Amino acid sequence: MPIASSKGELLAIDGGTPIRKTLLPYGRQSIGEEDIQAVVGVLRSDWLTTGPKVGEFEEAFAERVGAKYAVSFSSGTAALHGCAFAAGLQPGDEAITTPMTFAATANCILYQGATPVFADVSADTLNLDPEKVGARITPHTRAILPVDYGGHPADMDAFSELAALHGIAVIEDASHALGALYKNRRVGSIADMTVFSFHPVKHLATGEGGMVTTERGDYAGVLRRFRNHGISSDARQRQAEGQWHYEMVSLGFNYRLTDIACALGLSQLQKVDANLSRRRKIAASYAMGLRDLDAITLPAVRTEVDPAWHLFPIRLNLDKLSASRTRIFRALWAENIGVNVHYIPVHRHPYYRDRFGYRGGEYPVAEGAYERLISLPMFHGMTDGDVADVIAATRKVILHYSANSESTTRTPARPFGSRT
């Protein structure tokens, strides 16, 4: 694989030739002819909304992750809201989550009128730190919402122990982690409720969509009613029974996933193992191609997990670079590498600052990481050529901006993935 020189190669941002002729996005769906035919089959059927494909998809998904129940939703956000409702969150309650996530994880707490409480993250994985969570539990705490950042499972045993001690629920946001393993257990079979997302950049795409898995029948029942206006039966059940009567037993929402989406989900589910394998190979290639660069830190992988690699977030060692994160980000885009940043810490968004008075500095590990994070492209449809382009462009830009050209690389101390 070609290696860019440190200072001699003119960057595209400065007028040089880009590594790629066209933009490589950070994420992209992969849809095959079999997926299209699955959707067409539904379009020709009697059911477009909540029909037979919904139950088929839920059963197949539950089996895939090793859970007893799976309940589909119209999005991962809707699934999170359903979990917050099922856990009984209400005004006056608190739930603890991470600032290093997409805003939906915290917003679902607000939807129930409860208060999101943040705790800082662990420096290696950027997952929620159980010790910091323990220090923030109060008599008002009703749930903990860890996030499997980038596809690396959170420390679920520690959170389960905290939850058992205090009599609270654990809602695992596994939107990044379909297929990941934690201590040889499948993500989706561990927490009280686990949330998955089927956004196009995820391992399984339904357009928009989400799923909650759980071992508890009472949670599953509440979740099914909540996604269907709080009604105790659905239209397909009523048609099968030849009756019209239904009852709204709680206040719910229209969060149902369609048969169209579920048909696509069933087709995509057959490819999850292959998609995971490809993402893991891409991650290994990145680590091998970049691990000698002293100016970046590769994502850590703890020994007891096998991540799903939704993201490949590197951290810039800015003290060893002569450019800011913004400049390096733009330089990579100029090379037609569509990098991204995950995430702006939730408490730094204007809504949270204005409502809760956050001013920055409250969660130094998450905030310090955010200032240095760049996500490299990661999706299972990437070719070997795409991967090589990302490595070449990253080396080209990082070596160019390395503050000390005499000390830009290091001898690798250990193999991927920088396991701790």
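On a predicted model such as this, the values are computed, not experimentally measured, just so you know.
For Arg330, the CZ atom counts as loosely surrounded, since its 6.0 Å shell holds 12 or fewer non-hydrogen atoms of other residues, nucleotides or ligands. Within a 6.0 Å sphere centred on CZ of Phe329, other residues, nucleotides and ligands contribute more than 12 heavy atoms. The number of heavy atoms from other shown groups lying within 6.0 Å of CG (Asp46) does not exceed 12. More than 12 heavy-atom neighbours from other residues, nucleotides or ligands sit within 6.0 angstrom of CD on Glu371. Surrounding CG of Asp218 are more than 12 heavy atoms belonging to other residues, nucleotides or ligands, all under 6.0 Å away.
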Checking side-chain contact (heavy atoms from CB on, under 4.5 Å) for the pair Leu316/Leu321: CA distance, chi angles, key distance, verdict?
CA-CA 8 Å; Leu316 305 176; Leu321 292 163; 3.9 Å; yes
Hey, mind stepping through Asn336 and Leu24 against side-chain contact (heavy atoms from CB on, under 4.5 Å) and telling me if it holds?
CA-CA 6 Å; Asn336 280 320; Leu24 179 71; over 6 Å; no
Should Ile398 and Ile328 be marked as a side-chain contact (heavy atoms from CB on, under 4.5 Å) after you check the CA-CA gap, both sets of side-chain angles, and the distance that decides it?
CA-CA 8 Å; Ile398 294 299; Ile328 291 171; 4.2 Å; yes
Quick one: do Val390 and Met382 satisfy side-chain contact (heavy atoms from CB on, under 4.5 Å)? Show the steps, please.
CA-CA 10 Å; Val390 174; Met382 291 175 68; 4.1 Å; yes
For the pair Tyr358 and Arg348, evaluate side chain to side chain donor-acceptor pair (under 3.5 Å) and give the outcome as yes or no after the intermediate values.
CA-CA 7 Å; Tyr358 292 113; Arg348 289 179 58 163; over 6 Å; no
For Asp129 and Tyr363: C-alpha separation, side-chain torsions, deciding distance, then whether side chain to side chain donor-acceptor pair (under 3.5 Å) applies.
CA-CA 11 Å; Asp129 186 332; Tyr363 309 104; over 6 Å; no
Please test Glu58 against Arg227 for salt bridge (charged side-chain N to carboxylate O under 4.0 Å, His left out), starting from the C-alpha separation and ending with a verdict.
CA-CA 14 Å; Glu58 290 174 341; Arg227 71 170 178 194; 2.7 Å; yes
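Sorted by first and then second residue, the salt bridge (Lys or Arg N to Asp or Glu O under 4.0 Å) pairs with a member in residues 94-108 form an empty list; sequence neighbours excluded. The salt bridge (Lys or Arg N to Asp or Glu O under 4.0 Å) contacts involving residues 103-120 comprise nothing, where partners must be two or more places apart or lie in separate chains. Under the salt bridge (Lys or Arg N to Asp or Glu O under 4.0 Å) criterion, the residue pairs touching residues 132-147 are Asp93-Arg142, with sequence neighbours excluded.
Legend: residues meeting side-chain hydrogen bond (donor to acceptor under 3.5 Å, both in side chains) with Thr326, ordered by chain and number and at least two apart, are absent. By the salt bridge (charged side-chain N to carboxylate O under 4.0 Å, His left out) test, Arg28 is found to be paired with no residue, residues two or more places apart in sequence or in another chain being considered. For Lys202, the salt bridge (charged side-chain N to carboxylate O under 4.0 Å, His left out) test picks out no residue, with sequence neighbours left out. Applying the side-chain hydrogen bond (donor to acceptor under 3.5 Å, both in side chains) criterion to Asp354, with sequence neighbours excluded, gives no partner residue. Scanning for ring-ring contact (aromatic ring centres under 6.0 Å, His included) contacts around His199 gives an empty result, with sequence neighbours left out. Checked against salt bridge (charged side-chain N to carboxylate O under 4.0 Å, His left out), Asp319 has no partners two or more places apart in sequence or in another chain. Among residues two or more places apart in sequence or in another chain, the salt bridge (charged side-chain N to carboxylate O under 4.0 Å, His left out) test is passed with Glu34 by Lys271.
Using a 4.0 Å cut-off between a side-chain N of Lys or Arg and a carboxylate O of Asp or Glu, Arg395 and Asp292 qualify as a salt bridge. Salt-bridge annotation for Asp384 and Lys281: absent, with no side-chain N of the basic residue lying under 4.0 Å from a carboxylate O of the acidic one. Residues Arg20 and Glu335 are not paired through a salt bridge, judged by the lack of any N-O separation under 4.0 Å between the basic side chain and the carboxylate.
In this structure, Ile391 and Gly289 approach most closely via the heavy-atom pair CG2-O, 3.8 Å. Here the closest heavy-atom approach between residue Glu208 and residue Ser75 is recorded as OE1-CB, 4.2 Å. Annotation for Pro299 and Trp309: closest pair CG-CZ3, 3.7 Å, computed over non-hydrogen atoms. Counting all heavy atoms, side chain and backbone alike, Ala366 lies closest to Pro99 at CB-CG, 3.8 Å. Nearest heavy-atom pair across His203 and Asn275 is O-ND2, 3.1 Å. Of all the heavy atoms in Ala283 and Phe312, the pair that sits closest is O-CE1, 3.6 Å.
The aromatic rings of Phe118 and His347 are tilted relative to each other, their planes meeting at an angle between 30° and 60°. Ring planes of His176 and Tyr149: tilted class, angle from 30 to 60°. Using cut-offs of 30° and 60° for the angle between ring planes, the His310 and His342 rings count as perpendicular.
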List the atom pairs, donor and acceptor, that lie under 3.5 Å between side-chain atoms in residues 164-172 and the rest of the protein, sequence neighbours left out.
none

Would you mind writing out the side-chain donor-acceptor pairs for residues 151-163 within the sub-3.5 Å range, not counting sequence neighbours?
{"unit_1": "His152", "atom_1": "NE2", "unit_2": "Arg302", "atom_2": "N", "d": "3.1"}
{"unit_1": "Asp155", "atom_1": "OD1", "unit_2": "Tyr182", "atom_2": "OH", "d": "3.0"}
{"unit_1": "Asp157", "atom_1": "OD1", "unit_2": "Arg185", "atom_2": "NH2", "d": "2.6"}
{"unit_1": "Asp157", "atom_1": "OD2", "unit_2": "Lys183", "atom_2": "NZ", "d": "2.9"}
{"unit_1": "Asp157", "atom_1": "OD2", "unit_2": "Arg185", "atom_2": "NH2", "d": "3.3"}
{"unit_1": "Ser160", "atom_1": "OG", "unit_2": "Met156", "atom_2": "O", "d": "3.0"}

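Inter-residue side-chain proximity for Val65 and Val187 is flagged as unmet; no heavy-atom pair is nearer than 4.5 Å. Taking 4.5 Å as the limit, some side-chain heavy atom of Asp386 sits within range of a side-chain heavy atom of Thr383.
A donor atom on one side chain and an acceptor atom on the other are found under 3.5 Å apart for Asp173 and Thr105. For the residue pair Asn317/Arg315, the side-chain donor-acceptor check at 3.5 Å is not satisfied. Of the N and O atoms on the side chains of Ser267 and Asp35, at least one donor lies less than 3.5 Å from an acceptor on the other residue. Side-chain N/O atoms of Arg216 and Tyr69 include no donor and acceptor closer than 3.5 Å. For the residue pair Arg355 / Tyr351, a side-chain donor-acceptor distance below 3.5 Å is found, with atom types taken as modelled.
A cation-pi arrangement is not found for Arg64 relative to Phe61, the charged atom failing to lie both closer than 6.0 Å to the ring centre and inside a 45° cone about the ring normal.
If you take CG on Leu126 and OG1 on Thr101, they are separated by 12.0 Å, rounding to the nearest 0.5 Å. With rounding to the nearest 0.5 Å, the separation of CE in Met378 from CZ in Arg279 is 7.0 Å. Rounding to the nearest 0.5 Å places CG of Leu298 at 12.0 Å from OH of Tyr286.
Taking the six-membered ring for Trp and the full ring otherwise, the centers of Phe253 and His81 sit less than 6.0 Å from each other. Taking the six-membered ring where the residue is Trp, the centroids of Tyr219 and Phe85 are separated by 6.0 Å or more.
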